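Small disclaimer: the values here were computed from a predicted structure and weren't measured. All residue numbers refer to positions in the sequence shown, counting from 1.
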Amino acid sequence: MKTKLAAVFLSVMTLCGCYADMRLYPVQGALAGANPLPVFKAKISPVRDIAVTLNDGEHFKGTWDSVRHLDKVDAASSASGKVPKNDMAEVWDAVYGQGYFIAHVLGTYGHARASMKGDKGTMLTVEFFAEGAGGEYSKLAKGVARDSRGNIYKGVF
């Protein structure tokens, strides 16, 4: 699974350099009302590294993983009652419209997630996925993020 996801990102990143840039636009929360609207950047590498800098210069570094892999981990830990709630579906629907997560994201091979703690204590969860079928990933289309300060972001590659 990780191999397929990495292959998708490797092929896209070969065309655009050694990493992909995702711009994060605040769509809900305190930052969404700022004028001008701030734009933040995430750098995503094919070796599963991700780095983000947010509004006050807070830096986040971590690794992304296949959501399918994370779902297996969650299922394995369910016996102990320690399954984290996957509520990013709500974020996808808030950004792209009701039902978007189920219709476009759920179950895709290119769906990945990173959860990171910033150097100032803020928690940030980023999800993204590659659209396409049959190996034709022409778009690294969409992403979302949510921080522990109540902001929701639209991610654009």
Side-chain angles (χ1 to χ4, degrees), residues 1-2 4-6 8-9 12-13 19-34 37-78 80-132 137 139-157:
M1 182 59 60
K2 290 181 192 177
K4 286 184 181 181
L5 189 57
V8 169
F9 286 106
V12 171
M13 288 177 216
Y19 58 85
D21 284 330
M22 180 171 63
R23 291 174 306 285
L24 297 172
Y25 299 89
V27 295
Q28 286 185 16
L31 294 175
L37 186 66
V39 179
F40 309 109
K41 191 179 274 189
K43 290 187 179 222
I44 303 168
S45 81
V47 292
R48 297 183 34 234
D49 293 329
I50 182 169
V52 181
T53 301
L54 286 185
N55 58 329
D56 57 357
E58 185 169 12
H59 300 282
F60 300 81
K61 287 186 179 183
T63 58
W64 56 266
D65 207 347
S66 163
V67 171
R68 288 178 182 238
H69 171 73
L70 294 173
D71 289 343
K72 288 179 185 176
V73 171
D74 291 348
S77 63
S78 64
S80 64
K82 296 181 180 178
V83 179
K85 182 181 178 195
N86 180 1
D87 55 1
M88 289 301 285
E90 299 168 1
V91 176
W92 284 99
D93 288 353
V95 172
Y96 293 105
Q98 190 63 35
Y100 185 87
F101 179 80
I102 291 174
H104 299 281
V105 182
L106 184 64
T108 61
Y109 285 105
H111 184 194
R113 177 185 309 139
S115 293
M116 303 163 280
K117 185 174 183 177
D119 56 12
K120 297 181 182 178
T122 305
M123 295 300 297
L124 178 69
T125 301
V126 178
E127 282 195 2
F128 50 93
F129 82 106
E131 283 188 315
Y137 290 91
K139 303 180 250 181
L140 248 183
K142 307 209 184 318
V144 295
R146 176 174 31 203
D147 67 28
S148 59
R149 296 180 181 179
N151 296 296
I152 291 178
Y153 306 86
K154 178 178 184 177
V156 178
F157 286 86

Asker: Quick one: CZ on R146 to CE on M88, what's the gap to the nearest 0.5 Å?
Answerer: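 Going from CZ on R146 over to CE on M88, the span is 6.0 Å.
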Asker: Write down the atom of I50, the atom of V52, and the distance for their closest heavy-atom approach.
Answerer: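 That closest heavy-atom pairing would be CG1-CG2, 4.2 Å.
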Asker: Testing the basics here: between A112 and W64, what is the closest heavy-atom pair and its distance to 0.1 Å?
Answerer: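 Heavy atoms of A112 and W64 come nearest at CB-CE3, 3.6 Å.
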Asker: Go through the steps for M116 and V126 under the test side-chain contact (heavy atoms from CB on, under 4.5 Å), then give the verdict.
Answerer: CA-CA 9 Å; M116 303 163 280; V126 178; 4.0 Å; yes
Asker: Does atom NZ of K117 have more than 12 heavy-atom neighbours, drawn from other residues, nucleotides or ligands, at distances under 6.0 Å?
Answerer: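 No, not enclosed.
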Asker: Indicate yes or no: at least one non-hydrogen side-chain atom of L54 is less than 4.5 angstrom from one of Y153.
Answerer: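 Yes, at least one pair of side-chain atoms sits under 4.5 Å.
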Asker: Locate the shortest heavy-atom distance separating A51 from K61; write the atom from each residue and the value.
Answerer: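 Residues A51 and K61, closest heavy atoms: CB-CG, 4.3 Å.
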Asker: For the CZ atom of R113 and the CZ atom of F128, what is their distance to the nearest 0.5 Å?
Answerer: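 Separation between the atoms: 11.0 Å.
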Asker: Please, which pairs that meet salt bridge (Lys or Arg N to Asp or Glu O under 4.0 Å) have at least one residue in residues 148-157, sequence neighbours excluded?
Answerer: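 Residue pairs passing salt bridge (Lys or Arg N to Asp or Glu O under 4.0 Å), neighbours aside: D56-R149, E58-R149.
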Asker: Could you pull out the closest heavy-atom pair between F129 and H104, with the gap in Å?
Answerer: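 Taking every non-hydrogen atom into account, CE1-O, 3.4 Å.
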Asker: Find the distance between CG (L124) and NE2 (H59) and round it off to the nearest 0.5 Å.
Answerer: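 Reported to 0.5 Å precision, the distance equals 13.5 Å.
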Asker: To the nearest 0.5 angstrom, please state how far the CG atom of D147 sits from the CZ atom of F40.
Answerer: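 So the gap between those two atoms works out to 9.0 Å.
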Asker: In Å, rounded to the nearest 0.5 Å, how long is the span from CG of D65 to CZ of R48?
Answerer: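 Nearest 0.5 Å value for the CG-CZ distance: 4.5 Å.
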Asker: Mark yes when over 12 heavy atoms from residues, nucleotides or ligands other than I102 sit less than 6.0 Å from its CD1; otherwise mark no.
Answerer: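 Incorrect, the count does not exceed 12.
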Asker: Pairs under 3.5 angstrom only: tabulate donor-acceptor contacts from the side chains of residues 22-31 to other protein residues two or more places apart or in another chain.
Answerer:
| residue | atom | partner | partner atom | Å |
| --- | --- | --- | --- | --- |
| R23 | NE | Y25 | OH | 3.1 |

Asker: Does D93 have any side-chain contact (heavy atoms from CB on, under 4.5 Å) partners at least two apart in sequence or in another chain, and if so, which?
Answerer: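 D93: side-chain contact (heavy atoms from CB on, under 4.5 Å) contacts with Q98, Y100, F101.
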